[in-house]
Colleague: 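Questions regarding the structure given below will be posed in turn.
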Amino acid sequence: MDQASHHSCISGLEDPEKVHIRVPRLEDGAAMWKLVKQSRLLEQNTCYAYLLLCRHFADTCLIAEDAGRAIGFVAAYRPPVEPDVIFVWQIGVLLEARGRGLASTLLEHLVATPACANVNYLEATVAPSNTASQRLFAGFARRRSVPCARMPGFSKELFVGGEHEDEELFRIGPLQS
Ligand SMILES: CC(C)(COP(=O)(O)OP(=O)(O)OC[C@H]1O[C@@H](n2cnc3c(N)ncnc32)[C@H](O)[C@@H]1OP(=O)(O)O)[C@@H](O)C(=O)NCCC(=O)NCCS
């Protein structure tokens, strides 16, 4: 698969040919920040953090555009201590584009990129109240017929302020057949 840019076939989207999935450029950092802000559920980080992703981790991040407008993104990285893992840090889809398979497609494209060639597990942490996110990762595992192990990730005591939920770790794989 061409890592730099490709069009996706997203079943259910009105015009799948118009949705363009590609690795982000530095100029996309602000769009990722705005998608996080609009999601209302994702934790807002600084714009600088998304610029860092675009500069240093672009090969494991993707942005989806519809007629030039950013409608979804996934930010992921390869943990240095776990070389067979792709860790999905944040994934978000614009409210009006949800429920049409875009996030699932972003995950499929992510694991198919050259940067994930030797990845065997996809990991993410999910809050117990985030049903859509749980279904997203469970569905990814189900379509590949691989286990989705769930275990403690970050407990709420680790966060500042006392209002954060526990984050459960989803570990999906093995992905290599
Ligand atoms: C989670 C999110 C990225 C899913 O995006 P999406 O493009 O709508 O997801 P998909 O259409 O690929 O659907 C993925 C699965 O979730 C399910 N789903 C989607 N929205 C749902 C909702 N609101 N409630 C329950 N299930 C939902 C779908 O039915 C599908 O499950 P299936 O494969 O069993 O049918 C999107 O809801 C979002 O941006 N949420 C806010 C940000 C967030 O919570 N990100 C995840 C935490 S890192």
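In listed order, ligands and their atoms are each counted from 1. Sequential numbering from 1 along the given sequence is applied to the chain's residues. Everything quoted here is computed from the prediction, not taken from an experiment.
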Colleague: Who's closest to atom 12 (O) of ligand 1 heavy-atom-wise, of G139, S104, A127?
Modeller: S104

Colleague: Starting from atom 11 (O) of ligand 1, locate the nearest protein heavy atom and write down its residue, its atom name and how far away it is, to 0.1 Å.
Modeller: G101 N, 2.7 Å

Colleague: Taking only heavy atoms of R143 into account, list the atoms of ligand 1 that are under 4.0 Å away from them.
Modeller: 33 (O)

Colleague: Within the structure, does A103 bring an N/O atom to less than 3.5 angstrom of an N/O atom in ligand 1?
Modeller: yes

Colleague: Give me the residue, atom name and distance of the protein heavy atom closest to atom 39 (O) of ligand 1.
Modeller: V93 N, 2.8 Å

Colleague: Ignoring angles and geometry beyond distance, decide whether G99 reaches within less than 3.5 Å of ligand 1 through its nitrogen or oxygen atoms.
Modeller: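 Looking only at distances, the answer is yes, because the N/O contact criterion of under 3.5 Å is met.
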
Colleague: Would you give the length of the straight line joining atom OG of S133 to atom CD1 of I91, rounded to the nearest 0.5 angstrom?
Modeller: 8.0 Å

Colleague: In plain terms, say whether E165 and K156 are close enough for a salt bridge, that is, a side-chain N and a carboxylate O under 4.0 Å apart.
Modeller: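 Salt bridge: no.
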
Colleague: Taking 4.0 angstrom as the limit and counting only heavy atoms of R98, give me the atoms of ligand 1 inside it, by number and element.
Modeller: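 Heavy-atom distances to R98 below 4.0 Å select 8 (O), 36 (C), 37 (O), 38 (C), 39 (O), 40 (N), 41 (C).
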
Colleague: Only one of T60, I63, L62 forms a side chain to side chain contact (heavy atoms under 4.5 Å, CB included) with V23, so which one is it?
Modeller: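 With V23 as partner, T60, I63, L62 yield a single side chain to side chain contact (heavy atoms under 4.5 Å, CB included), made by L62.
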
Colleague: Rounded to the nearest 0.5 Å, what separation is found between the CD1 atom of I71 and the CZ atom of R98?
Modeller: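 Here the interatomic distance stands at 12.0 Å.
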
Colleague: When rounded to the nearest 0.5 angstrom, what is the spacing between NE2 in H56 and OH in Y77?
Modeller: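 Interatomic distance, H56 NE2 to Y77 OH, rounded to 0.5 Å: 15.5 Å.
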
Colleague: Is T105 close to H109 at the side-chain level, that is, under 4.5 Å between some pair of heavy atoms?
Modeller: yes

Colleague: So if I count the atoms of ligand 1 from 1 in the order they appear, which ones are less than 4.0 Å from some heavy atom of N130?
Modeller: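 Those of ligand 1 that fall under 4.0 Å from N130 are 43 (C), 44 (O), 46 (C), 47 (C).
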
Colleague: State whether the shortest distance between N or O atoms of L42 and N or O atoms of ligand 1 falls below 3.5 angstrom.
Modeller: no

Colleague: Mark up the atoms of ligand 1 that fall under 4.0 Å of a heavy atom belonging to L102, in ascending order.
Modeller: 7 (O), 12 (O)

Colleague: When only distance counts, is A97 in polar contact with ligand 1, meaning an N/O pair under 3.5 Å?
Modeller: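 By distance alone, the answer is no.
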
Colleague: Quick one: nearest non-hydrogen protein atom to atom 21 (C) of ligand 1, plus distance?
Modeller: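 Answer for atom 21 (C) of ligand 1: A132 CB, 3.5 Å.
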
Colleague: Just do the salt bridge (charged side-chain N to carboxylate O under 4.0 Å, His left out) check on E167 and R150 with the steps written out, would you?
Modeller: CA-CA 10 Å; E167 290 273 341; R150 296 166 63 153; over 6 Å; no

Colleague: First locate atom CE of M32, then atom CG of L42, and finally report the distance between them rounded to the nearest 0.5 Å.
Modeller: 11.0 Å

Colleague: Give a yes or no answer on whether the side chain of W33 reaches the backbone of N45 with a donor-acceptor pair at less than 3.5 Å.
Modeller: yes

Colleague: Rounded to the nearest 0.5 Å, what's the gap from CG on D166 to CZ on F154? Could you check?
Modeller: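 Output value for this atom pair is 12.0 Å.
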
Colleague: Is atom 28 (C) of ligand 1 touching the protein, meaning some protein heavy atom lies under 4.0 Å away?
Modeller: no

Colleague: How long is the span from the CG atom in N120 to the CZ atom in R171, to the nearest 0.5 Å?
Modeller: 8.0 Å

Colleague: For atom 33 (O) of ligand 1, which of the options E167, R135, E43, R142 provides the nearest non-hydrogen atom?
Modeller: R142

Colleague: Mind checking whether Q90 has an N or O less than 3.5 Å away from an N or O of ligand 1?
Modeller: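 Not met; the criterion fails.
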
Colleague: Are any of the heavy atoms in Q134 under 4.0 Å away from ligand 1?
Modeller: no

Colleague: Tell me which protein heavy atom sits closest to atom 45 (N) of ligand 1, plus the residue, atom name and distance to 0.1 Å.
Modeller: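 Result: I91 O, 2.8 Å.
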
Colleague: For ligand 1, which atoms have a heavy atom of R100 less than 4.0 angstrom away?
Modeller: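 Per the distance check, 11 (O).
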
Colleague: Please state whether R40 comes within less than 4.0 angstrom of ligand 1, counting heavy atoms only.
Modeller: no

Colleague: Is it true that R78 and D84 have a side-chain N and a carboxylate O under 4.0 angstrom from each other?
Modeller: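 No.
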
Colleague: I need the atoms of ligand 1 closer than 4.0 Å to a non-hydrogen atom of G92, numbered in the order shown.
Modeller: 39 (O)

